[in-house]
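What you see is a predicted model; the values in this text were computed from it and never measured. Below, chains carry the letters A, B, ... as their sequence lines are ordered, and counting in each starts from 1.
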Number of protein chains: 2
Amino acid sequence: MRPTVHDIAAAAGVSLATVDRVLNQRPGVRGVTRDKVEAAIREIGYVRDVAAANLAKGRTYPLVFIVPASDNSFMHGLNAEVRAAVARSPVERTDIRTVEVPAFDPAALVAVLDQLGEERPAGIALVATDSPDVREAVDRLVQSGIPVVTVVSDLTGSLRYHYAGVDNIAAGRTAARLLGRFLGGAKGDIAVLAGSMLVRDHRERLEGFASLIAEEFPDLTVLPVIEGRDDPDMAHMLVADALAKRDAIIGVYSLGAGNRGLIRALKDKAADRRLTVVAHELTAHTRAALLDGTIDAILNQDAGHEVRSAIRVLKAKADGLSVIDAQERIRLDIFLKDNLP
Amino acid sequence: MRPTVHDIAAAAGVSLATVDRVLNQRPGVRGVTRDKVEAAIREIGYVRDVAAANLAKGRTYPLVFIVPASDNSFMHGLNAEVRAAVARSPVERTDIRTVEVPAFDPAALVAVLDQLGEERPAGIALVATDSPDVREAVDRLVQSGIPVVTVVSDLTGSLRYHYAGVDNIAAGRTAARLLGRFLGGAKGDIAVLAGSMLVRDHRERLEGFASLIAEEFPDLTVLPVIEGRDDPDMAHMLVADALAKRDAIIGVYSLGAGNRGLIRALKDKAADRRLTVVAHELTAHTRAALLDGTIDAILNQDAGHEVRSAIRVLKAKADGLSVIDAQERIRLDIFLKDNLP
DNA sequence: CTAAATTTGATGTACGTAAATCAGAAATTC
DNA sequence: GAATTTCTGATTTACGTACATCAAATTTAG
């Protein structure tokens with residue numbers, strides 16, 4: 001049987017009340033006594049029974065999830081996962097609330113963050129828009145004692161406690177190597193479709209992509225990035241235009257959302273020429289395109305995993321527990337036609 | 001606040017004792033009363049507080065993990081993950097014991113399984129050796145009420161409750177497509193190194209691999225499989241021999257363990273010619289080989305995830321709870337040089 | 001209709017921890 | 001050395017559930 005508070009009390013030769021004071025860092029214990037108790041805790045290897053503790057506290061964890069109100073499949077998926085987490089929340093003693101903010105709007109995000117500073121939830125998860133204002137707002141929250149984790153897009157340089165998302169530079173490099181290898185030493189141009197260079201994850205993917213192509217595939221030329229604002233129609237127009245203008249394009253890397261338009265543009269051209277295409281985010285559209293050969297590989301981040309991980313990390317933080325690092329590492333999934341889930 | 005047993009009692013107009021009898025399926029409740037209580041449970045949406053229930057029961061879950069005593073990096077890694085789980089077990093109210101059995105030895109495995117039937121643990125996880133005897137032993141256990149999950153290698157056709165591992169046919173197909181695309185339409189032979197055709201996962205990987213090559217890369221010829229028994233020295237000898245004999249070999253697929261020997265053989269040949277290589281299982285050796293270019297891609301299953309998943313599934317089963325399916329799906333990780341963890 | 005059997009209610013204890021109260025002991029101050 | 005102040009102990013209640021016991025009510029059998 002694992003040791004309990006009673007065992008500590010007996011081992012340290014103090015009362016249960018004193019043990020409780022030490023364990024919960026309540027005042028009214030002399031230094032020497034505190035040391036004695038702490039020694040006993042270490043010696044008998046006591047670990048607090050979190051389930052019992054939470055039961056006694058009657059505690060729930062008010063958490064807030066801030067998601068951008070973007071109309072693309074990826075964000076819809078993320079939203080669905082958050083809702084699923086909300087549905088599970090009573091069982092997990094969490095009390096999750098979601099807040100929607102306009103996408104790409106640092107000011108709105110800051111306003112929400114500052115307001116949450118008043119409400120003082122037990123933790124906040126957000127899809128960060130990368131801006132100094134947001135960074136400062138996050139730092140204010142953290143300094144006031146509210147842990148913050150970023151999801152999908154990180155806020156480097158801030159005091160955020162954790163990032164539940166993929167390494168986007170590595171993602172870009174991986175996309176580059178796949179595309180380069182699949183093209184098998186061919187010479188030509190690569191079109192890159194992004195959402196916006198204002199978001200950090202897109203910038204990082206491009207950076208990783210361009211640098212690896214330059215390093216290892218000198219015969220490939222990365223064309224200036226096309227910004228489709230994650231909007232299907234805009235993406236369609238811009239990509240169709242680029243393909244019409246440049247015959248040298250032999251590959252496409254789509255690093256953002258809004259792939260519906262891209263796929264349409266690619267299919268229009270399918271008769272003319274065969275392009276090698278790597279895209280991000282597995283959705284119904286990209287999945288179908290992968291299966292019919294329009295897309296050659298999809299890089300993906302598992303939104304469900306990201307959401308669950310963010311919640312686990314925040315909860316563990318609130319409980320003062322540690323997490324299993326390997327479990328919280330968000331992997332970059334690579335899907336070919338054959339290993340789709 | 002979420003409803004409690006008291007709320008059920010009030011809603012159904014019965015006493016707490018009756019609610020308890022219904023909830024825990026104890027005798028002494030009339031059919032009508034039982035129905036009334038169950039209706040109330042549904043109506044107010046009661047869910048048992050598992051933490052409190054387990055606390056009251058003082059329950060722990062005696063689980064058994066059966067792992068093969070194989071001397072290769074993958075199994076060592078798996079063992080390490082099981083040990084890590086054992087270390088966490090007091091916190092998670094599990095009481096995990098590991099049992100080692102000789103690898104590729106159905107009789108030994110059956111003996112262990114039958115003995116566990118006597119001990120009656122709350123659940124069993126095993127790396128299955130595929131054989132009718134083992135299947136029957138597993139079925140006996142399941143029928144006697146002990147849930148069994150398979151890890152890494154499945155036991156199809158048995159009554160096992162769950163499989164925590166990758167789809168090995170899909171893995172083989174994915175390897176084939178990667179190799180085929182990386183070779184960019186070249187013509188030549190592909191050498192395949194396996195551990196043993198007696199293990200199901202190796203057979204399935206080969207099957208997936210060979211079928212996709214036949215379907216989509218007719219210029220590639222899959223040579224008869226080399227069985228290295230997951231042994232580095234044996235693998236080294238056999239691969240070196242094959243490479244010396246056949247100049248037409250342009251690619252290698254290593255679908256088993258014991259890659260140390262393969263890598264050695266490849267390096268010996270490195271000066272002569274450039275081979276495209278896809279291997280399974282990320283270990284210190286394969287990782288180094290991927291980084292230095294000896295291997296082009298590694299397919300991996302996350303042993304830590306598999307172990308944790310198996311335990312979660314068994315625990316949930318013991319508690320009569322459901323799991324989050326997506327969370328228990330073991331993915332096939334594809335690692336290139338750039339997305340190593 | 002009574003006796004026996006079955007069903008239900010009331011109540012208490014336990015699990016391991018949190019948190020509060022109050023009394024008593026020790027240390028500190030003057 | 002007395003009066004404070006600070007620490008420590010003893011005890012109780014609570015969290016939500018499990019489980020046991022005994023009494024009371026209800027149903028069923030004879």
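In this structure, CG of D49(A) is placed 13 Å from C1' of dC15(D), rounded to the nearest angstrom. If you take CD of Q25(B) and P of dT17(D), they are 16 Å apart, rounded to a whole angstrom.
Minimum heavy-atom separation, A303(A) to L78(A): CB-CD1, 3.8 Å. P90(A) and R2(B) make their closest contact through O-NH1, 2.9 Å (heavy atoms, listed as atom of the first residue, atom of the second, distance). Residue I124(B) comes nearest to P121(B) through the heavy atom pair CG1-CG, 3.8 Å, listed as atom of the first residue, atom of the second, then distance. Minimum interatomic distance between V323(B) and V313(B) (heavy atoms only, all atoms of both residues): CG1-CA, 4.2 Å. Here the shortest heavy-atom pairing between L16(B) and A9(B) reads N-CB, 4.1 Å.
Taking 4.0 angstrom as the limit, T4(B) places none of its side-chain polar atoms (N or O) nearer than this to OP1 or OP2 of dG16(D).
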Using residues 36-46 of chain A as the side-chain source, report each donor-acceptor pair under 3.5 Å to any protein atom, sequence neighbours left out, with the distance given to one decimal.
none

Please list, pair by pair, any protein nitrogen or oxygen found under 3.5 Å from a nitrogen or oxygen in nucleotides 18-20 of chain D.
{"from": "dA18(D)", "atom 1": "OP1", "to": "N24(B)", "atom 2": "OD1", "distance (Å)": "3.4"}
{"from": "dA18(D)", "atom 1": "OP1", "to": "R48(B)", "atom 2": "NE", "distance (Å)": "2.6"}
{"from": "dA18(D)", "atom 1": "OP1", "to": "R48(B)", "atom 2": "NH2", "distance (Å)": "3.1"}
{"from": "dA18(D)", "atom 1": "OP2", "to": "N24(B)", "atom 2": "ND2", "distance (Å)": "3.2"}
{"from": "dC19(D)", "atom 1": "OP2", "to": "R26(B)", "atom 2": "NH1", "distance (Å)": "2.9"}

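Side-chain atoms of H305(B) come within 3.5 Å of backbone atoms of Q327(B) as a donor-acceptor pair (strictly under, hydrogens ignored). In terms of modelled atom types and a separation under 3.5 Å, the side chain of D302(A) and the main chain of G304(A) share a donor-acceptor contact. Of the possible donor and acceptor atoms, none in the side chain of S309(A) sits under 3.5 Å from a partner among the backbone N and O of E306(A).
Residue S15(B) is the one, among V50(A) and S15(B), whose nearest nucleotide of DNA chain C lies closer to the 5' end (criterion: closest heavy atom).
Residues from residues 27-38 of chain B lying near DNA chain C, meaning a heavy-atom separation below 4.0 Å, are G28(B), V29(B), R30(B), T33(B) in numerical order.
Fit an axis to the five pairs at each end of the helix from dC1(C)-dG30(D) to dC30(C)-dG1(D) and the two axes sit 30° apart, to the nearest 10 degrees.
Legend: residues meeting salt bridge (Lys or Arg N to Asp or Glu O under 4.0 Å) with R88(B), ordered by chain and number and at least two apart, are E92(B).
In 5' to 3' order, the nucleotides of DNA chain C bounding all contacts with chain A (an atom under 4.0 Å from a heavy atom) are dG16(C) to dA27(C).
There is a side-chain donor-acceptor pair under 3.5 Å between N24(B) and R48(B).
You'll find the side chain of R140(B) reaches within 4.5 Å of the side chain of V110(B), heavy atoms only.
Here the options are D95(B), N54(B), T94(B), the test is side-chain hydrogen bond (donor to acceptor under 3.5 Å, both in side chains), and the partner is Y61(B); only N54(B) passes.
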